[in-house]
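All figures in this text were calculated on a predicted structure; none of them were measured in a lab.
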Amino acid sequence: MPSLPGSGADFERRRISVLFADLVGSTDLMEALGADDYAATLRGFHSLCTTAVRSRGGTVAQYQGDGVMCFFGYPTAEEDDASRAVSAALEILASLDASNEGGDHPLATRIGIASGTAIIARGSDQFGGETVGACVNLASRLQDLAETGSVVICEDTLDLVGGSFKTRALGARKVKGFAEPKPVYEVNRAASADVTRFHARRDRFDGPLIGRQQTLETLLEGIRDARAGHGSSISLCGPPGIGKSRIFQALGDHEDVAGVPSFVLQCAPEYSSVALHPVTAYLDWVTGVRPSDSDEVRRRKLTRLFQAVWNADEKETTALLDLVAPTAPEGPPEGDDSATLKRQRSFDILIDRMFGSVGSDKAFTLVFEDVHWIDPTTLEFMARVAARVDEFPILLVATTRPEGEPAIEQCGFKQELRLEPLSAEHAGELARAVAAAHGLSPERIDEVVEMAEGVPLFLEEYAKLTSKHRDSGLQHRVPLSLSGIVLSKLDRLDEEQRNFAKAGSVLGRTFLAMTAAMMCNVAPAHAEQVQDELSHQQILEIDAADQCSFSHALIRDGIYDTLDADRRRALHLRAAHLLSEQGGREIPASVVAGHYASGGDARAAADWYLRAARQNASLGAVPEAATNLDNALEQVERLPEGEERDRLELSIRAVQGPVLMVMRGPGNPAFGEAQERARALLEKLGIDDMREQVIFHTALHNWARGDFDEALERVDLLDEMAEQRAEADQGLDFARLTMRGLIGWHAGRTRETETLLDETARRYDPAVHKPLYARYLMEFGIFGRFYLSLAKSVLGKEAEAKALAEDAATFARELKFPHATGFSQLARFVGSMLRDDVEACAEQAAVAHDFSTAQGFPEFVAMATFAKGWSYSRQGDSDRGIEMMQGGLAHWDKTGFKTWQPIFSAILARALVDTDRLDEAEAVIAEADSAILLSGEEQARAPLLLARAMLAAKRGDEALSLNIARRAVGACRHEGACLWADRVKQEFPELQKGVS
């Protein structure tokens with residue numbers, strides 16, 4: 001396990017305000033006074049500065065010859081560090097003026113103040129000289145810019161002090177050591193009334209709800225609707241600290257909500273790539289699952305909830321456990337279900353049982369908190385709940401910051417509520433109510449009101465902090481900031497407590513006390529005392545299971561920000577090692593990976609992200625898998641170039657390609673890029689492992705994009721590999737023959753396709769060749785039969801084509817691979833469409849459309865949509881059918897597929913001609929002709945010529961139509977395409993002799 005940096009000084013990031021003051025004209029003074037008197041004068045100047053700084057809580061960091069450097073915000077922070085620094089500067093000027101009265105040698109100074117983040121050697125006697133930060137350098141340079149007897153501040157300091165002081169803008173000045181000019185301001189001696197902005201955050205508030213009655217009434221109306229048996233969904237959006245949690249507290253306290261149960265699902269940033277975390281965390285809390293429980297113990301506890309409380313039967317219990325407590329499957333899913341489809345069905349079971357536990361007619365609420373941190377699977381669950389909201393007496397609510405609004409919109413919530421800052425009147429009313437609990441005087445209440453500027457939760461936090469300083473008082477009305485609040489709390493802790501809080505901030509919003517204690521070497525005997533003090537300071541909340549939660553996410557962020565880079569990296573690495581070795585239920589691999597990444601161990605991070613992606617993919621959480629793969633590749637980029645990096649990237653690309661294919665289809669450019677990169681890595685490394693798989697999938701992408709020549713070059717490589725093998729490789733043979741066969745069909749070499757795929761069909765045995773699916777992510781027996789049935793259909797062998805499609809369906813039911821099931825459905829409805837079997841196509845396409853939509857197979861959905869449209873068109877609903885065909889074709893194009901488009905276009909053009917939409921038909925035909933020239937998809941040539949001949953006939957040009965029809969006949973005769981020949985015969989009977 002990595003150790004923490006150094007046994008010496010503890011470096012810490014701090015937000016500070018730095019004051020530099022120097023004695024003007026020191027050289028002249030030394031000459032005029034002599035060395036002894038000058039030394040006494042300099043000591044007096046230093047003393048004057050020290051007194052002014054310390055009286056306002058500042059620290060003299062270093063005496064520098066004739067100057068002094070002072071910090072405000074270290075070693076103890078307050079909310080008004082910047083304002084106290086400016087006040088001290090003005091006091092120095094005033095004190096100098098007073099000391100100069102009647103003197104022979106008046107003293108003068110100039111002062112610069114800058115605010116920002118610095119790295120400080122905590123505990124060091126020389127911390128001033130060891131402090132590093134741009135604000136330190138800037139303060140020194142601002143002192144140089146200042147006129148004698150003036151105070152100059154930077155823009156960040158002005159933002160912090162607001163209107164506390166009268167200032168004069170000096171414009172942007174070129175400052176030595178900084179690339180861009182810096183806006184600077186001169187501070188006048190007279191302070192103004194405090195007009196400030198600040199942002200502080202808490203997530204609990206006990207005062208009355210003021211200024212939010214309209215929002216509350218909207219939510220209450222949702223409760224009343226639920227009591228009447230009607231569901232509703234409302235989203236609540238606002239920036240951090242605006243009071244979303246306070247509104248829900250008021251809602252829960254309202255008499256209209258008495259007896260209404262509530263489910264609360266809390267999202268968290270560290271779990272945004274962990275599938276369904278808010279749901280599983282809630283169920284663990286309900287069932288009393290402890291972090292140390294094994295998977296088996298957890299599943300037993302959940303089972304008791306599902307069966308004893310929710311009355312789920314065995315089948316439902318199994319589905320729920322697979323959803324919220326999954327174990328990696330031994331093999332493919334049972335039945336025709338993928339993990340995606342099973343999860344959707346399990347969502348419905350979870351919704352029915354969870355909501356049913358309330359009572360069939362009893363109103364309840366479900367709240368998704370902090371949706372801006374939601375994981376994709378929980379978002380999918382929330383969308384499903386929103387879609388079914390009308391079925392239950394429910395008020396569904398989601399809270400989010402503005403960045404989470406797209407997720408809310410995706411789910412289709414019925415109402416959106418936005419929270420804005422309170423008016424001045426309401427802020428004053430709220431502040432007086434809050435301050436009463438803390439015994440503040442009216443003067444202090446007015447101060448709170450002025451500083452809060454309408455942010456309700458900040459009012460309470462500032463009132464509490466003000467009450468703690470009632471004796472000495474906060475003499476200056478200053479803005480609050482989160483960093484000031486957090487640091488002021490942190491600085492009241494001892495070293496052990498502070499380190500525990502910092503370790504916890506590295507682990508995340510919620511963490512195990514035991515893990516944090518081990519990270520910072522807190523003895524077990526002291527750990528409980530440490531937690532108690534952090535709880536007392538309202539930094540942490542601790543439950544009975546020894547699990548700690550920061551009282552607000554932004555409290556955690558503020559503490560985390562105090563860590564310097566070295567310590568941050570070391571703590572993350574310690575967290576990664578501890579979490580990866582932790583007993584009980586396994587920590588999500590993506591969480592461990594994140595710690596390795598933040599700790600700077602890119603190799604370990606990439607390995608763990610890859611592990612997380614494989615776990616996601618095995619459980620059907622494909623979006624999460626894609627996220628983790630992207631994260632893994634980002635870590636790979638940080639590794640030094642070399643063979644180790646290339647091998648690791650190849651392992652990631654090998655998973656990424658199939659994931660992208662499932663999500664977006666084989667024609668998608670991202671899939672092609674992943675495959676091309678994997679192929680390049682194979683060539684570079686000279687590795688034979690996975691070579692044929694990568695080449696096959698690269699060819700598959702080339703084919704989908706209509707790059708038949710490129711695809712055939714890849715197949716030639718597969719042929720060469722087969723020739724070089726000492727023993728026959730059946731997987732390689734299936735890959736190359738199938739790939740060549742499907743390219744041949746689209747290129748119009750239908751007889752060649754029949755010969756090649758007849759061979760693969762003859763060799764194929766599902767019991768023997770099933771393992772090839774894992775190797776290629778292609779079920780050759782089913783995919784080959786799909787294209788062989790197409791070839792048989794075009795060659796006029798209808799009975800054989802139908803039998804092959806049924807064989808494919810039988811194999812799919814036996815093998816239970818969802819993607820292969822989709823191909824078997826294509827074999828049925830596409831064949832029916834080509835053979836003009838309208839009723840069969842309509843029924844089969846509808847089934848395939850529903851299946852593919854549920855599975856998330858975009859190209860199958862597009863093709864089924866087109867086929868459904870064709871069926872509608874042939875059944876007399878032309879407008880609806882054509883619109884659906886056009887939609888299916890557009891959807892097909894979006895998947896990246898270029899093949900099939902000319903064939904679809906020929907079918908669409910005929911429908912347009914039949915409805916006299918001739919100009920549209922001509923445009924479709926022209927575009928398809930151009931596509932054939934680019935791709936060589938000659939299979940579409942005959943049907944496209946037929947559509948053009950029908951177009952010419954509709955326009956009354958019989959000679960031209962017959963001439964084009966004869967060209968179609970020639971194309972049919974060349975490859976024995978009896979299917980297309982029959983179409984010509986039907987439309988142009990006078991050519992029967994030529995095509996018989």
Side-chain angles (χ1 to χ4, degrees), residues 706 708 743-754 790-798 830-831 833-836 866-867 869-870 873-874 878 882 885-886 889 892 898-996:
F708 296 163
I743 295 170
W745 188 86
H746 283 277
R749 299 189 294 273
T750 311
R751 290 193 178 103
E752 174 188 321
T753 295
E754 181 185 35
L790 295 180
K792 299 287 187 183
S793 293
V794 171
L795 294 172
K797 302 175 182 180
E798 183 175 329
V830 173
M833 181 172 64
L834 295 183
R835 294 190 297 270
D836 213 22
F866 186 91
W870 175 81
S873 177
R874 294 302 305 276
S878 298
I882 289 173
M885 281 192 280
Q886 290 171 331
L889 189 55
W892 185 259
K898 297 302 179 185
T899 54
W900 280 102
Q901 287 196 26
I903 297 174
F904 291 153
S905 296
I907 297 171
L908 173 60
R910 287 191 60 186
L912 291 168
V913 170
D914 288 341
T915 54
D916 294 325
R917 295 163 64 170
L918 305 184
D919 290 343
E920 292 180 61
E922 185 170 23
V924 169
I925 292 170
E927 186 175 351
D929 276 336
S930 298
I932 292 175
L933 289 175
L934 291 174
S935 67
E937 191 166 1
E938 291 296 325
Q939 189 65 251
R941 180 69 67 188
L944 203 58
L945 285 169
L946 178 56
R948 187 176 287 282
M950 292 171 61
L951 175 63
K954 272 280 188 176
R955 287 176 167 168
D957 194 336
E958 295 184 6
L960 178 60
S961 67
L962 283 173
N963 182 43
I964 296 173
R966 288 189 181 95
R967 290 170 57 196
V969 167
C972 295
R973 183 182 296 118
H974 176 68
E975 275 293 323
C978 297
L979 178 71
W980 308 131
D982 288 343
R983 298 292 180 272
V984 177
K985 185 187 341 181
Q986 290 171 2
E987 299 296 335
F988 297 93
E990 57 269 46
L991 297 179
Q992 284 192 31
K993 183 177 181 180
V995 299
S996 59

Legend entry - Between CZ on residue R941 and CZ on residue R967, distance to nearest 0.5 Å: 7.5 Å
Legend entry - Taking every non-hydrogen atom, the tightest pair across G976 and R751: CA-NH2, 3.3 Å
Legend entry - Candidates E987, Q986, K985 - the one meeting side chain to side chain contact (heavy atoms under 4.5 Å, CB included) with R983: Q986
Legend entry - Main-chain N/O of W745 paired to Q939 side chain as donor or acceptor, under 3.5 Å: yes
Legend entry - Minimum heavy-atom distance K954-V913, with the two atoms named: CE-O, 3.3 Å
Legend entry - Salt-bridge present (D982, R835; N to O < 4.0 Å): no
Legend entry - Nearest-0.5 Å distance, CD of residue E922 to CG of residue L912: 12.0 Å
Inset, instruction - Give a yes or no on this: more than 12 heavy atoms of other residues, nucleotides or ligands lie within 6.0 Å of atom CD of E927. - result: no
Legend entry - Centroid separation F866 to W892 less than 6.0 Å: no
Inset, instruction - Please state whether the rings of W900 and H746 are parallel, tilted or perpendicular, taking 30° and 60° as the class boundaries. - result: perpendicular
Legend entry - Separation between CZ of R955 and CG of L918, rounded to the nearest 0.5 Å: 5.5 Å
Legend entry - E752 side, atom CD; T750 side, atom OG1 - distance, nearest 0.5 Å: 9.5 Å
Inset, instruction - Might you point out which heavy atoms bring A965 and A949 nearest each other, and give the distance in Å? - result: N-CB, 3.8 Å
Legend entry - Electrostatic pair R874-D836, nearest N-O below 4.0 angstrom: yes
Legend entry - Distance-minimising heavy-atom pair for G706 and K898: N-CB, 4.0 Å
Inset, instruction - Could you grab the distance from atom CD1 of I964 to atom CG of D957, nearest 0.5 Å is fine? - result: 8.0 Å
Inset, instruction - List the atom of S905, the atom of V924, and the distance in Å for their closest heavy-atom pair. - result: O-CG1, 3.5 Å
Inset, instruction - Measure the OG-CD1 distance between S930 and I925 for me, rounded to the nearest 0.5 Å. - result: 12.0 Å
